[in-house]
Amino acid sequence: MCLVTVIRNLLIVLAISSDPHLHTPMYFFLSVLSTADIGFTSTMVPKVIWDIHTQSRNMSHAGYLVQLSFFFFILFGCLDSVILGVMAYDHFVAICHPLHYPVIMNPRLCGRLLLGSICISLLDSQLHCLDMSQLIFCSQVEIPHFFCDPPQLLRPASGEIFTDSLIMYFTVALLGGVPVSGIFYSYTKIVSSVLRISSTGGKSKAFSTCGSHLSVVCLFYGTAMGVYLSSAISQSPQKEAVASVMYTMVVPMLNHFIYSLRNQDIKRAYQKLVSRTV
């Protein structure tokens, strides 16, 4: 699954960058999403594979902070969330304001949206890392999970953890709720605009454009929010681990299939890339 995720998402990035016809805002943000998926999966899966191979389940205090912090799990997870919101805005402008689309979604705005997404992700990553680094543990702590997920780290921590829990759930709610609200608003406007289209072909094309994005949104937010909400109201590590497998391994692997199976532009870009390589 790790190899399939990395190779196929890398193919999307190479195909989009090598085909001038795909140098549009929609495919630009899709390549960013694929890059984030590569980093998101590569953060914890190699460690899991290594643990299975060596039969070792030990990780140092510094090791979990490295896995948790800069350019790693939270960075790429937050970048995934923000980019999905940006892609919803791109679809909204393309369908609701098609004549103004080239002017609104100009390269300068796309660059600013990407820079803002990275800065927000970096800030969230460092905030979580600083928060987790203040926790106090016993000399040996067993965590019933396959990677250093913040909710799992709070449970065995000693001392007062109310503030740490409040910070974690507030940032998760903020960085998950704001993109979801933007996606919901965008698709409310998109549906009302599509219903006013008279031709059946125009409606099917619009829904086909948004269908892939909506599928990825439902998979990512459904499983990710399930993990954090269940950790707040339930004490079942097995269910949380299953949901974590979904949004850390399965969803990044499925993104490629969702976006490329019915996308003729991506398929043509693949053919050009393969022929050029041969």
Side-chain angles (χ1 to χ4, degrees), residues 1-42 45 76 79-115 117-118 121 183 186-187 190 194 201-220 247 249-278:
M1 289 172 62
C2 182
L3 287 175
V4 170
T5 301
V6 172
I7 292 173
R8 288 189 172 274
N9 280 287
L10 185 60
L11 281 175
I12 287 183
V13 176
L14 293 176
I16 292 174
S17 60
S18 63
D19 192 342
H21 296 93
L22 299 184
H23 292 176
T24 61
M26 182 180 72
Y27 290 109
F28 169 71
F29 291 122
L30 177 58
S31 65
V32 175
L33 180 67
S34 297
T35 304
D37 283 337
I38 293 172
F40 190 52
T41 301
S42 302
V45 176
F76 289 114
L79 187 59
D80 256 339
S81 175
V82 178
I83 289 297
L84 286 173
V86 171
M87 293 175 73
Y89 175 72
D90 176 70
H91 292 329
F92 161 72
V93 177
I95 295 175
C96 299
H97 305 283
L99 298 180
H100 298 90
Y101 181 78
V103 178
I104 297 175
M105 297 302 295
N106 56 73
R108 178 177 296 181
L109 178 62
C110 292
R112 289 177 177 176
L113 289 173
L114 176 59
L115 181 62
S117 302
I118 294 174
S121 303
I183 292 169
S186 298
Y187 277 103
I190 287 172
V194 170
K203 289 182 180 180
S204 62
K205 184 179 180 180
F207 281 123
S208 176
T209 301
C210 301
S212 301
H213 180 257
L214 273 177
S215 301
V216 174
V217 167
C218 293
L219 281 171
F220 180 79
Y247 85 90
M249 299 183 188
V250 178
V251 174
M253 183 183 67
L254 292 178
N255 284 355
H256 169 270
F257 296 101
I258 292 172
Y259 275 105
S260 62
L261 284 180
R262 298 179 59 187
N263 193 314
Q264 298 300 322
D265 293 333
I266 293 290
K267 290 181 180 179
R268 283 193 291 268
Y270 283 160
Q271 293 172 357
K272 292 179 181 179
L273 180 64
V274 171
S275 62
R276 189 180 298 115
T277 303
V278 172

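Checking side-chain atoms of Ser212 against main-chain N and O of Ile258 turns up a donor-acceptor pair under 3.5 Å.
Within the 4.5 Å cutoff, the side chain of Ile104 has heavy atoms near those of the Tyr89 side chain. Here the side chains of Phe76 and Thr41 are not in contact, with every heavy-atom distance at 4.5 Å or above. Within the 4.5 Å cutoff, side-chain heavy atoms of Val250 are placed close to those of Met1. Within the 4.5 Å cutoff, no side-chain heavy atoms of Tyr101 are placed close to those of Ile95. Counting only heavy atoms from C-beta outward, the side chains of Cys96 and Ile190 approach each other to under 4.5 Å. Using a 4.5 Å heavy-atom cutoff, the side chains of Val251 and Asp80 are not in contact.
Nearest heavy-atom pair, Pro252 versus Phe40, reported as atom, atom and distance to 0.1 Å: CG-CD2, 4.2 Å. In this structure, Arg8 and Tyr270 approach most closely via the heavy-atom pair O-OH, 4.2 Å.
Contacts of Ser42 classified as side-chain contact (heavy atoms from CB on, under 4.5 Å), with partners at least two apart in sequence or in another chain: Val6, Ile38. Listed by chain and residue number, Asp265 satisfy the side chain to side chain donor-acceptor pair (under 3.5 Å) test with Arg268 (two or more places apart in sequence, or in another chain). Looking at residues two or more places apart in sequence or on another chain, you find a side-chain contact (heavy atoms from CB on, under 4.5 Å) between Leu113 and Phe29, Val86, Met105, Leu109.
Here CG of Leu22 is found 7.5 Å from NZ of Lys272. Values are rounded to the nearest 0.5 Å.
Shown here is His23, whose NE2 atom has more than 12 heavy atoms of other residues, nucleotides or ligands within 6.0 Å.
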